[in-house]
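These notes are about the structure you will find just below.
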There are 2 protein chains.
Amino acid sequence: MNAVPKAPEPQLTRSVEDYLKSVFHLTNQGGFATTSDIAAMLEVAPPSVSGMMKRLSETGLIEHVPYRGVQLTPQGRRAALQMIRRHRILESYLTSKLNYDWGDVHDEAERLEHAVSEKLIERMADALGEPRYDPHGAPIPTAAGEIEETELATLADTEVGASVILREVGDEHPDRLHYLAEQGLTPGVRLTVVDRQPFNGPTIVRLNEGMTRVVGQELALLLLCRPVGSDGE
Amino acid sequence: MNAVPKAPEPQLTRSVEDYLKSVFHLTNQGGFATTSDIAAMLEVAPPSVSGMMKRLSETGLIEHVPYRGVQLTPQGRRAALQMIRRHRILESYLTSKLNYDWGDVHDEAERLEHAVSEKLIERMADALGEPRYDPHGAPIPTAAGEIEETELATLADTEVGASVILREVGDEHPDRLHYLAEQGLTPGVRLTVVDRQPFNGPTIVRLNEGMTRVVGQELALLLLCRPVGSDGE
DNA sequence: TTTGATAATTAGGCTAGCCTAATGCCCTGT
DNA sequence: ACAGGGCATTAGGCTAGCCTAATTATCAAA
Ligand SMILES: [Mn+2]
Ligand SMILES: [Mn+2]
Ligand SMILES: [Mn+2]
Ligand SMILES: [Mn+2]
């Protein structure tokens, strides 16, 4: 018997990789990813999504329930997590080793993730000491495809009086990220919710160093926090 | 008068970028790049080249003389040199900072060159101290688009008795590069041509440390050398 | 239970890049 | 001067991805 040339792994296109990532993010809380949500996230027209979903379900990367939405198959999930690992390792590397600002890494990573080899990603991860979180606080999947799942609440949902640690900033727009960094609102910081204005008004927080910040709802929804005892844990 | 939004610079596709690089390399000694040479270099069929040449001459990146070949316009040359800078900076960075073997950098750079931003390349160049040569000894164009032009002779053309410095290895195949590195035949090494066998036979060289090497013609054609006085310069 | 609003899909079309097969140009040798 | 051979181009076709416009499915409200 001859040597079987191992699994072909047909190698995905840039578009396919981005679609899989979108489906992953949209189904992360369970349920289906809808055509229009995917279209919005990727900034393409809904018929483009319908067409791609057809192809992806034929190749076994997603499960498509017509007029309902899609979910990843195990194979699709593996591919998505691999892309997310690449993206987050790249963001971490650019930030740590090439002096990138945390607001600017996302766009660069969004392109590079499709061009790097597995080998390069692992060299970067190694050079960084196998980081577990990216610069925005998001968990980095392992090379084996495992990802940490944590329950985090947005600052907008955190009740007045509570103390929290800001764990993750769920955004990728340079302007907002730059602003948040200026305000000292970066992952790891400890916050106490002092007040919140009604009608979706701003949340007022006190930083550990005593300064207060007024955070509008748009931003408060992006700040993902873990509750903490008033003594610091 | 309103602000003119500056030159659009329509941003080139991956294919276009690779075609421009090919034309640059094939016309580097002057003359035209032929359809079949480009096709061979890019591993595509000749009609694909004809089609692309038509498009590139319409967009002003090349000058096409039908049935003769093509040359780069100044604009095409600028774009090609930018890609070559990216490629060589990437090769240098991967080698210096991520422990890549000089035989393995080329393929990685060939993909990354189309995905990196100008900013990332300049950060890498900066981190390396603005290197002037890539790991294979090829000159790196400046950010302004200037490239060093040096007359180098292949080892196969170097006469018996001559002393040379190996300046550049004009190859990109991992196997050959690994072999040459094993033999100590890397840029910067000093060689004396001891003998050459007839009928395109091997060249025998002595390294500075006294060892001799027998270099077949296929490899000797890849070793680009600068003559040197017998005293070392 | 019918009706609309909304979302999804289908229909049809476009460009970039590639291919093979057919045809055309150019040059060299006779 | 012209016949071939070899190279280049044209003709025609394919896939991936995108688009807009038209159609169809779903679901909630009347
Ligand atoms: Mn990101
Ligand atoms: Mn991407
Ligand atoms: Mn190279
Ligand atoms: Mn390339």
Side-chain angles (χ1 to χ4, degrees), chain A residues 8-23 26-27 31-72 75-76 79-80 83 110-111 113-115, chain B residues 8-23 26-27 31-72 75-76 79-80 83 110-111 113-115:
Chain A
E9 282 297 329
Q11 74 144 1
L12 310 173
T13 65
R14 187 200 154 125
S15 275
V16 167
E17 289 172 340
D18 280 337
Y19 274 98
L20 292 175
K21 277 202 310 174
S22 290
V23 175
L26 290 168
T27 54
F32 289 87
T34 68
T35 298
S36 37
D37 284 351
I38 298 168
M41 187 170 284
L42 293 175
E43 300 183 276
V44 297
S48 305
V49 177
S50 284
M52 183 62 92
M53 293 306 106
K54 184 151 174 253
R55 283 170 47 208
L56 294 186
S57 57
E58 279 162 5
T59 49
L61 291 160
I62 63 169
E63 192 74 40
H64 185 195
V65 182
Y67 292 99
R68 270 287 132 61
V70 297
Q71 287 182 316
L72 295 173
Q75 188 196 345
M83 293 313 296
E110 197 60 56
R111 282 176 283 105
E113 62 190 1
H114 311 288
Chain B
E9 281 298 329
Q11 75 144 0
L12 309 174
T13 66
R14 185 197 157 128
S15 274
V16 167
E17 289 173 341
D18 281 336
Y19 274 99
L20 292 176
K21 277 202 312 174
S22 289
V23 175
L26 290 168
T27 54
F32 289 87
T34 68
T35 298
S36 38
D37 283 351
I38 297 167
M41 187 171 284
L42 293 175
E43 300 182 277
V44 297
S48 304
V49 177
S50 283
M52 183 63 91
M53 293 307 104
K54 186 155 173 250
R55 284 170 47 208
L56 295 186
S57 58
E58 278 162 6
T59 48
L61 290 160
I62 63 170
E63 192 74 40
H64 185 194
V65 182
Y67 292 98
R68 269 288 132 61
V70 298
Q71 286 181 317
L72 295 172
Q75 188 196 346
M83 292 313 296
E110 196 59 57
R111 280 176 284 105
E113 62 189 2
H114 311 287

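In what follows, every chain begins at residue 1, and chains take the letters A, B, ... in the order their sequences are listed. Heavy-atom basis, side chains included; hydrogens, waters and symmetry copies ignored. The structure presented is a predicted model; accordingly, all values stated were derived computationally and were not measured.
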Worksheet item: Atom NZ of B:K54 to atom P of C:dT15: distance rounded to whole Å?
Response: 12 Å

Worksheet item: Considering all heavy atoms of both residues, which atom of B:T27 and which atom of B:A33 are nearest to each other, and what is their separation?
Response: CG2-N, 3.5 Å

Worksheet item: A:M52 CE to D:dC19 P: how many Å, rounded?
Response: 11 Å

Fill in: B:V44 side chain, from C-beta outward: closest of C:dA11, D:dC27, C:dC19
C:dC19

Fill in: Which nucleotide in D:dC18, C:dC26, C:dC18 has an atom nearest any side-chain atom of B:Y67
C:dC26

Discussion item. From CD of B:Q11 over to P of C:dA16, roughly how many Å is that when rounded to an integer?
Written reply: 13 Å

Worksheet item: Heavy atom of residues 56-66 of chain A under 4.0 Å from DNA chain D: which residues?
Response: none

Discussion item. Please report the interatomic distance CD1(A:I62) to OH(A:Y19), rounded to the nearest 0.5 Å.
Written reply: 10.5 Å

Worksheet item: Would one find a side-chain N or O of A:S48 under 4.0 angstrom from OP1 or OP2 of D:dC18?
Response: no

Response to the item:
Taken to the nearest whole Å, CE/A:M53 to P/C:dA7 is 18 Å

Worksheet item: Does a side-chain N or O from A:S36 land closer than 4.0 Å to OP1 or OP2 of C:dT6, or not?
Response: no

Fill in: Minimum-distance nucleotide (side-chain atoms of B:T35 versus D:dC18, D:dT9, D:dA21)
D:dT9

Fill in: Salt bridge B:R68-B:E63, side-chain N to carboxylate O under 4.0 Å
no

Discussion item. Just the rounded figure in Å: distance from C1' of C:dA8 to CZ of A:F32.
Written reply: 15 Å

Item to complete: Return no unless some side-chain N or O of A:S15 is found under 4.0 Å from OP1 or OP2 of D:dC18.
Response: yes

Worksheet item: What's the spacing between A:D18 CG and A:L12 CG if we round to 0.5 Å?
Response: 11.0 Å

Worksheet item: Looking only at heavy atoms, which two atoms of B:G69 and B:H64 are closest? And how far apart?
Response: O-CD2, 3.4 Å

Worksheet item: What nucleotide among D:dA8, C:dT9, C:dC18 has an atom nearest to a side-chain atom of A:P46?
Response: C:dT9

Fill in: Side-chain heavy atoms of B:L20 within contact of B:M83, under 4.5 Å
no

Worksheet item: Does D:dC18 have OP1 or OP2 sitting under 4.0 Å from an N or O in the side chain of A:Y19?
Response: yes

Item to complete: For C:dC18, take OP1 and OP2 only and decide whether either is under 4.0 Å from a side-chain N or O of B:R14.
Response: no

Practice prompt. Please report, rounded to the nearest Å, how far the C1' atom of D:dA8 is from the CD1 atom of B:I38.
Written response: 12 Å

Fill in: Nearest-Å distance for atom pair CZ/C1', residues A:R68 and C:dT9
15 Å

Response to the item:
When rounded to the nearest 0.5 Å, the distance separating OG1 of A:T59 from CD of A:Q75 is 7.0 Å

Item to complete: Between D:dC27, D:dC19, C:dA8, spot the one nearest the side chain of A:S50, thanks.
Response: C:dA8

